[in-house]
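I have placed the structure first, in the form of structure tokens, so that the comments after it can refer back to it.
Start at 1 and go down the list; that is how both ligands and their atoms are numbered. Any value given below was found using the heavy atoms of this structure, including those in side chains, with hydrogens, waters and symmetry copies removed.
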Amino acid sequence: MAYTAKIGPSILSSDLSQLGRECERMMECGADYLHLDVMDGHFVPNLTFGHPMVECLRRCIGPDPFFDMHMMVSRPEQWVKPMAAAGANQYTFHLEATANPGNLIKEIRESGMKVGLAIKPGTTVEELAPWARQIDMALVMTVEPGFGGQKFMEDMMPKVSWLRSQFPSLDIEVDGGVGPDSIHRCAEAGANMIVSGSAVVSSDDPRSVIALLKNVVIEAIQKRSLDR
Ligand SMILES: O=C(CO)[C@@H](O)[C@H](O)COP(=O)(O)O
Ligand SMILES: [Fe+2]
């Protein structure tokens, strides 16, 4: 069991005029990585930022924080090299957005980034499975991508459980509506990379929320290793 508990705040719900400072604040509060949501207004009905912003963020907060790029874009092939040059560490693309996942996985690796593969709520986990041994992380969306602050979809948890049973050492991320009320379900199902936006960023005490989320996942991982 190679995976560990990691919490990655999504800075989508933060004060975007202060993005650099907000990223620093999340890292100071115990975040393990930063989840950066890129939306192109086409794959999803919302627009955020692209590689120029990532380059500025990297310059602002230094080389260490791990940037997990959640690419909610229609042509993920187009942004691999620019994102790598801007300082992204992991490129998480949507299975629904490409006709040739194998080629894209190869391009991402050749650009020096880790590979994440995301599925929307309507996509089955069996469609992701053929790629699972070639990727670093599977992202099971627990809301329809596009906006922060939506309700957690508990009915996505069987996808996480199935992936964990089939791929015991894969990093599995959940994203959307995850916070203190839903973290137990995610952790029990087998998720180990936890994206949390509004629950962390809008809290008066983000440090405590991050610690709580992480402890629940650590306990679930320990329990699973004892049960084996
Ligand atoms: O990718 C997305 C939404 O499309 C997410 O990363 C959200 O931005 C997470 O925010 P919360 O749902 O936790 O508020
Ligand atoms: Fe996201």
Side-chain angles (χ1 to χ4, degrees), residues 6-16 19 22-23 25-26 29 31-50 53-54 57 65-74 76 79 83 88-97 114-123 128 135-157 159-160 171-187 191-206 208-210 212-214 216-217:
K6 294 185 196 114
I7 310 301
S10 155
I11 41 76
L12 193 58
S13 339
S14 62
D15 178 353
L16 295 178
L19 209 46
E22 286 289 90
C23 287
R25 184 170 76 100
M26 290 299 114
C29 287
D32 296 290
Y33 67 102
L34 295 168
H35 176 90
L36 304 181
D37 290 300
V38 175
M39 303 186 189
D40 67 353
H42 188 259
F43 182 74
V44 289
N46 198 2
L47 199 56
T48 57
F49 51 81
M53 175 73 93
V54 176
L57 278 179
F66 186 92
F67 287 176
D68 168 31
M69 304 307 310
H70 181 188
M71 301 300 295
M72 288 165 272
V73 299
S74 288
W79 310 112
M83 280 298 177
N89 300 100
Q90 177 160 280
Y91 194 92
T92 300
F93 67 95
H94 269 266
L95 185 57
E96 304 85 1
K114 292 180 110 180
V115 181
L117 179 53
I119 50 170
K120 297 207 289 186
T123 304
L128 183 150
I135 60 177
D136 297 291
M137 187 199 82
L139 163 54
V140 175
M141 287 303 296
T142 45
V143 296
E144 278 304 333
F147 300 92
Q150 300 184 75
K151 190 174 177 298
F152 175 73
M153 296 170 73
E154 183 157 359
D155 55 344
M156 295 298 116
M157 291 303 97
K159 293 188 190 179
V160 175
D171 276 328
I172 303 176
E173 185 177 66
V174 282
D175 180 17
V178 181
D181 295 340
S182 47
I183 188 63
H184 288 86
R185 292 292 297 114
C186 300
N192 66 300
M193 291 184 70
I194 308 299
V195 176
S196 184
S198 36
V200 169
V201 173
S202 315
S203 164
D204 293 337
D205 188 0
S208 300
V209 179
I210 289 173
L212 183 153
L213 299 177
K214 192 156 177 178
V216 172
V217 179

Between S182 (side chain only) and G179 (backbone N and O only), is there a donor and an acceptor less than 3.5 Å apart? yes
When you measure from atom 13 (O) of ligand 1 to each heavy atom in S202, G197, G8, which option holds the nearest one? G197
H35 and its side chain to side chain contact (heavy atoms under 4.5 Å, CB included) partner, picked from T92, D68, L12: D68
Here the atoms of ligand 1 under 4.0 Å from any heavy atom belonging to F147 are 3 (C), 4 (O)
Counting from 1, what ligand 1 atoms have a heavy atom of H70 closer than 4.0 Å? 1 (O)
Report, in ascending order of atom number, the atoms of ligand 1 lying under 4.0 Å from any heavy atom of G176. 12 (O)
Report yes or no: does S14 contribute a side-chain atom to a donor-acceptor pair with the main-chain N or O of L16 at less than 3.5 Å? no
When you measure from the side chain of T123 to the backbone N and O of I119, does any donor-acceptor pair fall under 3.5 Å? no
Pull out every atom of ligand 1 sitting under 4.0 Å from any heavy atom of P145, numbered as shown with elements. 4 (O)
Where the side chain of S196 meets the backbone of V178, is there a donor-acceptor pair that is under 3.5 Å apart? yes
Sub-4.0 Å atoms of ligand 1 with respect to non-hydrogen atoms of M39: 4 (O)
Residue, atom and distance of the protein heavy atom nearest atom 5 (C) of ligand 1 read D175 OD1, 2.9 Å
Can I get a per-line list of side-chain donor-acceptor pairs under 3.5 Å for residues 145-156, giving both atom names and the distance, sequence neighbours left out?
from: Q150; atom 1: NE2; to: E144; atom 2: O; distance (Å): 2.8
from: Q150; atom 1: NE2; to: F147; atom 2: O; distance (Å): 3.0
from: E154; atom 1: OE2; to: R185; atom 2: NE; distance (Å): 2.5

Just by distance, do the side chain of E96 and the backbone of K120 share a donor-acceptor pair under 3.5 Å? yes
Protein-side N, O or S atoms sitting under 2.8 Å from the Fe ion (ligand 2) are H35 NE2, D37 OD1, H70 ND1, D175 OD2
Treating K6 as the side-chain partner and A31 as the backbone partner, does any N or O pair qualify as donor plus acceptor under 3.5 Å? no
What atoms of ligand 1 come within less than 4.0 Å of a heavy atom belonging to H35? 6 (O)
Classify the ring geometry between H94 and H70 as parallel (under 30°), tilted (30 to 60°) or perpendicular (over 60°). parallel
If we number the atoms of ligand 1 from 1 as shown, the ones under 4.0 Å from a heavy atom of G177 are 11 (P), 12 (O), 13 (O)
When you look for heavy atoms under 4.0 Å from ligand 1, do you find them on the side chain of S10, its backbone, both, or neither? side chain
Near S198, which atoms of ligand 1 are under 4.0 Å from a heavy atom of that residue? 11 (P), 13 (O), 14 (O)
pair R25-V201: side-chain heavy atoms closer than 4.5 Å: yes
For a quick test of your reading: what N or O donor-acceptor pairs under 3.5 Å do the side chains of residues 136-143 make, sequence neighbours left out?
from: D136; atom 1: OD2; to: R109; atom 2: NH1; distance (Å): 3.0
from: D136; atom 1: OD2; to: R109; atom 2: NH2; distance (Å): 3.3
from: D136; atom 1: OD2; to: V115; atom 2: N; distance (Å): 2.8
from: T142; atom 1: OG1; to: D175; atom 2: O; distance (Å): 2.9
from: T142; atom 1: OG1; to: G176; atom 2: N; distance (Å): 3.4
from: T142; atom 1: OG1; to: G176; atom 2: O; distance (Å): 2.7

For atom 4 (O) of ligand 1, which protein heavy atom lies nearest, and how many Å away is it? G146 N, 2.8 Å
By salt bridge (Lys or Arg N to Asp or Glu O under 4.0 Å), K114 pairs with (sequence neighbours left out) none
